[in-house]
Amino acid sequence: MLLLELNILTLNIWGIPYVSSDRRPRIDAICKELASGKYDIVSLQEVWAQQDSELLQKGTEAVLPHSHYFHSGVMGAGLLVLSKYPILGTLFHAWSVNGYFHRIQHADWFGGKGVGLCRILVGGQMVHLYNAHLHAEYDNANDEYKTHRVIQAFDTAQFIEATRGNSALQILAGDLNAQPQDISYKVLLYTSKMLDSCDSDSFRTNECEHNSYTSKQARERNPLGIRIDHIFVRGGDHVNAEIAEYKLPFPERVPGEKFSFSDHEAVMAKLKLFKLEPRSEEPVATIEVNCLVEDGESCSVRELGAGDALTGEDDQSSQHQPEIQCNGSSTSIQSMPAARTAALLEALALCDASLLQLNTDRILYYSAATFLFVLLVLLVEFTAPVGMRTIFLLLKFIVFGVILFCVFMASIWNYMERNGVLQGKKSMEVMLHHAQKYEYFY
């Protein structure tokens with residue numbers, strides 16, 4: 001029985017004040033497109049300015065009368081949800097690691113990033129919309145934020161699992177800064193047991209060749225572009241979530257202009273929810289799985305018994321077991337636990353490497369502070385030449401300031417990041433230790 005149909009859209013609007021090109025005309029164009037009535041729930045990222053948030057809400061209120069902006073950090077989380085249906089509740093979960101405050105040019109830390117939940121009532125069914133924007137990747141060759149993104153991905157998956165309750169549908173729609181081959185994508189998809197609404201390799205959502213804001217360097221690096229904006233879905237108990245359509249709905253250019261709507265492409269998924277007949281409760285079975293996963297395999301995960309239909313044959317042979325669809329074909333039931341295990345092991349290795357690097361950084365910062373303290377003592381004892389006293393005084397203040405920075409980075413900041421990484425690592429270890437034995441509960 002068909003419960004409902006939903007058109008879900010996600011878009012990173014690239015709304016950085018004083019930085020993003022053509023920001024105001026682009027937001028006006030986005031408002032006009034969203035006000036067309038084609039979309040039921042809209043998930044937006046990088047809405048950094050309060051005035052942009054208000055403009056988007058006011059410009060779409062005729063067709064999307066319900067909205068919520070998630071406030072966090074210094075700049076706000078940048079997450080805005082617009083909905084045709086009532087938003088009955090909201091919750092924001094900030095991530096334990098989120099970049100570095102002294103990397104001002106990257107600014108992710110100032111955004112106070114996390115995952116936002118909107119509980120939306122659609123035709124008598126509770127739908128959970130999760131909006132997230134993971135830490136950006138600024139250097140693919142030397143990605144110092146890779147561990148942060150992996151922990152954010154795992155944290156998001158656990159947040160979805162912990163809050164899904166009796167909702168009929170869970171949707172994660174946002175800029176995840178993760179391609180299907182990336183470890184953060186695998187960790188999020190496999191540990192949340194959600195389904196990627198895109199089953200084709202032909203779609204790209206960022207650094208696209210036709211986008212007016214794609215740089216020449218990005219075109220040379222990725223001629224086809226990359227897919228980092230995603231819509232993941234998972235049906236609730238006795239509910240089957242079906243992907244009826246997936247597309248990039250916005251035109252390549254703002255009508256009448258030479259620029260695009262954003263440096264990202266908008267993504268839309270049309271979802272259909274079907275009610276399944278509940279099965280009688282049966283004893284919980286535990287399984288142990290040992291199998292290999294081919295590197296580079298991209299899988300979309302669908303969990304049977306928690307939101308997907310079963311045929312009579314499947315019901316007998318695949319009770320409570322996960323089904324994997326890889327490039328349109330089904331693989332062994334054992335692939336899902338094995339893929340998840342492989343992803344978690346890789347993620348744990350990244351966490352261990354980060355902890356070692358944090359220990360090295362602490363030693364380096366303390367060493368630098370010690371050296372600069374000796375230099376400061378010498379400057380204090382040294383009599384400044386005539387006419388140079390102001391410069392020497394300024395130099396002393398600069399050295400003293402750098403000493404304070406090094407001590408702060410070696411102590412308070414180092415322990416904050418270390419505890420954030422440790423928390424993510426310990427949570428992954430718990431899942432890795434128990435998941436195979438108690439597969440039914442994962």
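All of these numbers come straight from a predicted model, not from anything done at the bench. Side-chain atoms are counted along with the backbone in the values below, which use heavy atoms only and exclude waters and symmetry mates. Positions are given from 1, in the same order as the sequence printed here.
Relative orientation of the Trp48 and His133 rings is tilted, given thresholds of 30° and 60° on the angle between their planes. Using cut-offs of 30° and 60° on the angle between ring planes, the pair Tyr185 and Phe232 is perpendicular.
Side-chain N or O atoms of Ser262 include one that pairs as donor or acceptor with a backbone N or O of His264 at under 3.5 Å. Under a 3.5 Å cut-off, the side chain of Thr191 and the backbone N or O of Phe154 do not form any donor-acceptor pair. Panel note: side chain Asp263, backbone Asn206; no donor-acceptor pair is recorded below 3.5 Å. One N or O on the side chain of Asn7 and one on the backbone of Lys38 form a donor-acceptor pair closer than 3.5 Å. A donor-acceptor contact shorter than 3.5 Å links the side chain of Gln152 to the backbone of His135. For the pair Tyr69 (side chain) and Val47 (backbone), a donor-acceptor distance under 3.5 Å is present. A donor-acceptor contact shorter than 3.5 Å is absent between the side chain of Asp155 and the backbone of Ile151.
Because its NZ or CZ atom is both nearer than 6.0 Å to the ring centre of Tyr213 and within 45° of the ring axis, Arg26 counts as a cation-pi partner of that residue.
Taking the side chain as every heavy atom from C-beta outward, Ser200 and Tyr246 never approach each other to under 4.5 Å. Side-chain contact between Phe400 and Leu372 is absent, with no heavy atoms from C-beta onward closer than 4.5 Å. For the pair Thr205/Ile228, a side-chain contact is recorded, criterion being any heavy-atom separation below 4.5 Å from C-beta on. Within the 4.5 Å cutoff, no side-chain heavy atoms of Asp229 are placed close to those of Leu176. Looking only at side-chain heavy atoms (C-beta outward), Ile27 and Leu56 come within less than 4.5 Å of each other. Two residues are said to be in side-chain contact when any heavy atoms from C-beta on lie closer than 4.5 Å; His66 and Glu61 fail this criterion. You'll find the side chain of Phe70 reaches within 4.5 Å of the side chain of Thr90, heavy atoms only. Side-chain contact check for Val430 versus His433: every heavy-atom pair is 4.5 Å or farther apart.
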Q: Output, in order, the C-alpha distance, side-chain angles, deciding distance and verdict of side-chain contact (heavy atoms from CB on, under 4.5 Å) for Gln50 and Glu54.
A: CA-CA 6 Å; Gln50 183 66 32; Glu54 294 172 357; 3.5 Å; yes
Q | From CA spacing to verdict: side-chain contact (heavy atoms from CB on, under 4.5 Å), Leu172, Met194 | A | CA-CA 9 Å; Leu172 172 62; Met194 301 186 88; 4.2 Å; yes
Q) Would Ile183 and Leu350 satisfy side-chain contact (heavy atoms from CB on, under 4.5 Å), going step by step from the backbone distance to the final call? A) CA-CA 10 Å; Ile183 179 60; Leu350 284 172; 3.9 Å; yes
(Q) Could you go through Arg204 and Glu209, starting from their C-alpha distance and side-chain angles, then the distance that decides it, and tell me whether this counts as salt bridge (charged side-chain N to carboxylate O under 4.0 Å, His left out)? (A) CA-CA 10 Å; Arg204 299 294 186 270; Glu209 185 179 9; over 6 Å; no
Q.
Please determine whether side-chain contact (heavy atoms from CB on, under 4.5 Å) holds for the pair Arg253 and Ser212, giving the CA-CA distance in whole Å, both sets of side-chain angles, and the decisive distance to 0.1 Å.
A. CA-CA 8 Å; Arg253 294 287 187 275; Ser212 65; 3.8 Å; yes
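With 3.5 Å as the limit, one finds a donor-acceptor pair spanning the side chains of Asn131 and Ser43. Judged by distance alone, the side chains of Gln170 and Ser167 do bring a donor and an acceptor atom under 3.5 Å apart. There is no side-chain donor-acceptor pair under 3.5 Å between His148 and Asn98. Side-chain N/O atoms of Gln45 and Asp175 include no donor and acceptor closer than 3.5 Å. Remark: the Glu417 side chain and the Tyr100 side chain contain an N/O donor-acceptor pair separated by less than 3.5 Å. A donor-acceptor pair shorter than 3.5 Å cannot be found between the side chains of Glu207 and Thr214. Of the N and O atoms on the side chains of Gln423 and Ser427, at least one donor lies less than 3.5 Å from an acceptor on the other residue. Side chain to side chain, Asn211 and Glu252 fail the donor-acceptor criterion of an N or O pair below 3.5 Å. There is a side-chain donor-acceptor pair under 3.5 Å between Tyr130 and Thr163. If you check the side chains of Asn177 and Tyr145, you find no donor sitting under 3.5 Å from an acceptor. Remark: the Trp95 side chain and the Thr156 side chain contain an N/O donor-acceptor pair separated by less than 3.5 Å.
Of the inter-residue distances, the one linking Leu195 atom CG with Lys193 atom NZ reads 13.5 Å to the nearest 0.5 angstrom. To the nearest 0.5 Å, atom CG of residue Asp182 and atom CG of residue Leu188 are 12.0 Å apart. Between the CG atom in Leu345 and the CZ atom in Arg340 there is a gap of 11.5 Å [rounded to 0.5 Å]. How far CD1 of Ile120 is from CG of Leu88: 9.0 Å, rounded to the nearest 0.5 Å. Taking CG of Leu271 as the start and CG of Leu4 as the end, the distance is 8.5 Å to the nearest 0.5 Å. The structure places CZ of Arg362 at 5.5 Å from CG of Asn414, a figure rounded to the nearest 0.5 Å.
Leu348 is linked by a side chain to side chain contact (heavy atoms under 4.5 Å, CB included) to Lys425, Met428, Glu429, Leu432, counting only residues two or more places apart in sequence or in another chain. For Glu245, the salt bridge (Lys or Arg N to Asp or Glu O under 4.0 Å) partners at least two apart in sequence or on another chain are Lys247.
Salt-bridge annotation for Arg23 and Asp28: absent, with no side-chain N of the basic residue lying under 4.0 Å from a carboxylate O of the acidic one. Here Lys270 pairs with Glu5 in a salt bridge; the nearest charged N to carboxylate O distance falls below 4.0 Å. Residues Asp201 and Arg227 are not paired through a salt bridge, judged by the lack of any N-O separation under 4.0 Å between the basic side chain and the carboxylate. A salt bridge does not link Lys146 to Glu137: none of the charged nitrogens lies less than 4.0 Å from a carboxylate oxygen.
For an aromatic pair to be called close, the ring centres must be under 6.0 Å apart, and Phe92 with His71 fails this. Aromatic pair Phe101/Phe110: centroids not less than 6.0 angstrom apart.
Taking every heavy atom of both residues into account, Ala343 and Lys186 meet most closely at CB-CB, 4.1 Å. Between Leu9 and Ala266, the closest heavy-atom pair is CD1-CB, 4.1 Å. Residue Val187 comes nearest to Ala347 through the heavy atom pair CG2-CB, 4.0 Å, listed as atom of the first residue, atom of the second, then distance. Here the closest heavy-atom approach between residue Val267 and residue Ile231 is recorded as O-CD1, 3.7 Å. Leu273 approaches Leu2 most closely through the heavy-atom pair O-CD1, 3.3 Å. Between Ser72 and Gly112, the shortest heavy-atom contact is OG-O, 2.8 Å.
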Please table the atom pairs, donor to acceptor, closer than 3.5 Å between any side-chain atom in residues 76-87 and protein atoms at least two apart or in another chain.
| unit_1 | atom_1 | unit_2 | atom_2 | d |
| --- | --- | --- | --- | --- |
| Ser83 | OG | Tyr85 | N | 2.9 |
| Ser83 | OG | Tyr85 | O | 2.7 |
| Lys84 | NZ | Asp40 | OD1 | 2.9 |

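Residue-environment remark: CZ (Arg103) exceeds the threshold of 12 foreign heavy atoms within 6.0 Å. Annotation: Arg418, atom CZ; neighbour count of heavy atoms from other residues, nucleotides and ligands within 6.0 Å does not exceed 12.
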